[in-house]
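This report refers to the structure that appears directly beneath it.
Order of the sequence lines fixes the chain letters, A, B, ..., with proteins taken first and strands second; residue numbering starts at 1 for each chain.
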There are 2 protein chains.
Amino acid sequence: MARAATTSDAFNAVAEPRRREILNYLALQERPVGEIVDSLRVAQPSVSKHLRVLLEVGLVNVRRDGRRMLYRTNAEAIRPLHEWTETFERYWRHQLNRVKERAERKSNPSNDAGPDFSSRRKNDLDGNKN
Amino acid sequence: MARAATTSDAFNAVAEPRRREILNYLALQERPVGEIVDSLRVAQPSVSKHLRVLLEVGLVNVRRDGRRMLYRTNAEAIRPLHEWTETFERYWRHQLNRVKERAERKSNPSNDAGPDFSSRRKNDLDGNKN
DNA sequence: ACAATATATTCCTATATGGGAATGTGTCAA
DNA sequence: TTGACACATTCCCATATAGGAATATATTGT
């Protein structure tokens, strides 16, 4: 199986950075495609395609105004993401506390041991990725 | 250009539903891979691969315990997503107000016009997709 | 040293992507 | 009707997936 379609849900649609920019831009006011093109410096067909994806997952609305199409962010569709991330809020608060505690104990001089590999994080295995 | 790598940032990593499940599961406690396999009913190699992605973007931590690897969600890495979605909170509040107003006006009987296509949303153009 | 356990990696393939270029479609104005 | 303008769609392609199957690696107990 390949990766899920970008149009399968808001999570996938929003994974693309340009689409996030567009959503930011269209949050305040509705705007015609041409203004998005000019403001974000992206080719027009590219913008149209991104808007199509956003429209399919309900992240934007459109209405026609003469020959222009006015798009606007539908903030409501972002709520599910907000709510999912929110369930982790209490955890990072805890972690912050733990970090603080460790920092406080740090004033206590006792360990000068080597580096700690007990909890690897990203760049340990980055190896290659340029 | 193809889609950005799943390992390019938290947004992309989290787009995959199974990876979100894993993050939920590992938020409370650290767990060995085997338990994830059993609990979420996913093939072991699949779980390992998802964990690799999550590790590369810093969404989980690991530490070894004998022959087991204990993974745990690093909630802190989810904050950027939370913060991005948060910038839209005020907008959906506004929209909710507008919806409420409309609902209140609804008690006023006056319009029986046809359907409104002025603001298309998803399923209007869904056409085919299965 | 060896078998058993736990996890990671590799190989395979169908599928969807995003950008660029070219072209299609719809709307207005004269 | 025709031309100009504003968008949308199509075609092409290099690239990266997620899952399944098979295999590799690491650690422990005997």
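- Heavy-atom distances to DNA chain C give each of B/V47 and A/V53 a nearest nucleotide, and the one nearer the 5′ end belongs to B/V47.
- Contact check for A/F88 versus B/N24: side-chain heavy atoms found under the 4.5 Å cut-off.
- At least one side-chain nitrogen or oxygen of B/S46 sits closer than 4.0 Å to the OP1 or OP2 atom of D/dG19.
- Applying the side-chain contact (heavy atoms from CB on, under 4.5 Å) rule to B/S46 yields the partners B/V42, B/A43, B/H50; only residues at least two apart in sequence or on another chain are considered.
- Between A/Y91 and A/H94, the ring planes are perpendicular. Angles over 60° get that label, and only those under 30° would be called parallel.
- Taking a 4.0 Å limit (strictly below) on heavy-atom distances, residues 21-37 of chain A does not reach DNA chain C anywhere.
- In this structure B/R3 satisfies the salt bridge (Lys or Arg N to Asp or Glu O under 4.0 Å) test with no other residue, sequence neighbours excluded.
- Listed in residue order, the members of residues 11-20 of chain A having a heavy atom less than 4.0 Å from DNA chain C are A/E16, A/R18, A/R19.
- Using a 3.5 Å distance cut-off with no hydrogens or angles, the side chains of A/T87 and A/E83 do not pair a donor with an acceptor.
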Write out a two-atom table: protein N or O, nucleotide N or O from nucleotides 14-16 of chain C, distance below 3.5 Å.
none

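- You'll find the side chain of A/Q44 reaches within 4.5 Å of the side chain of A/S48, heavy atoms only.
- For A/E89, the salt bridge (Lys or Arg N to Asp or Glu O under 4.0 Å) criterion is met by A/R93, not counting sequence neighbours.
- Taking the side-chain contact (heavy atoms from CB on, under 4.5 Å) definition, one finds that B/R20 meets it with A/D9, A/F11, A/W84, B/V14, B/P17, sequence neighbours left out.
- The distance from atom NE2 of B/H50 to atom C1' of C/dT9 is 15 Å, rounded to the nearest whole Å.
- Distance check, rounded to the nearest 0.5 Å: CD of B/E16 to CG of B/L54 gives 9.5 Å.
- Remark: B/S39 engages B/Y25 in a side-chain contact (heavy atoms from CB on, under 4.5 Å) (not counting sequence neighbours).
- Residue pairs meeting the salt bridge (Lys or Arg N to Asp or Glu O under 4.0 Å) criterion with at least one partner in residues 33-43 of chain B, sequence neighbours excluded, are B/R31-B/E35.
- Not counting sequence neighbours, A/R72 has no partner by the salt bridge (Lys or Arg N to Asp or Glu O under 4.0 Å) test.
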Q: Assign a letter to each nucleotide of nucleotides 21-30 of chain D from its 5' end: B, base within under 4.0 Å of a protein heavy atom; S, sugar-phosphate only; -, no contact.
A: -B---SBB--
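- Applying the salt bridge (Lys or Arg N to Asp or Glu O under 4.0 Å) criterion to B/E21, with sequence neighbours excluded, gives no partner residue.
- Of the side-chain N and O atoms in A/Y71, none sit less than 4.0 angstrom from OP1 or OP2 of D/dA6.
- Atom pair A/R52:CZ and C/dG18:P shows a separation of 14 Å (rounding to whole Å applied).
- Rounding to whole angstrom units, CD of residue B/E56 and C1' of D/dA16 are separated by 13 Å.
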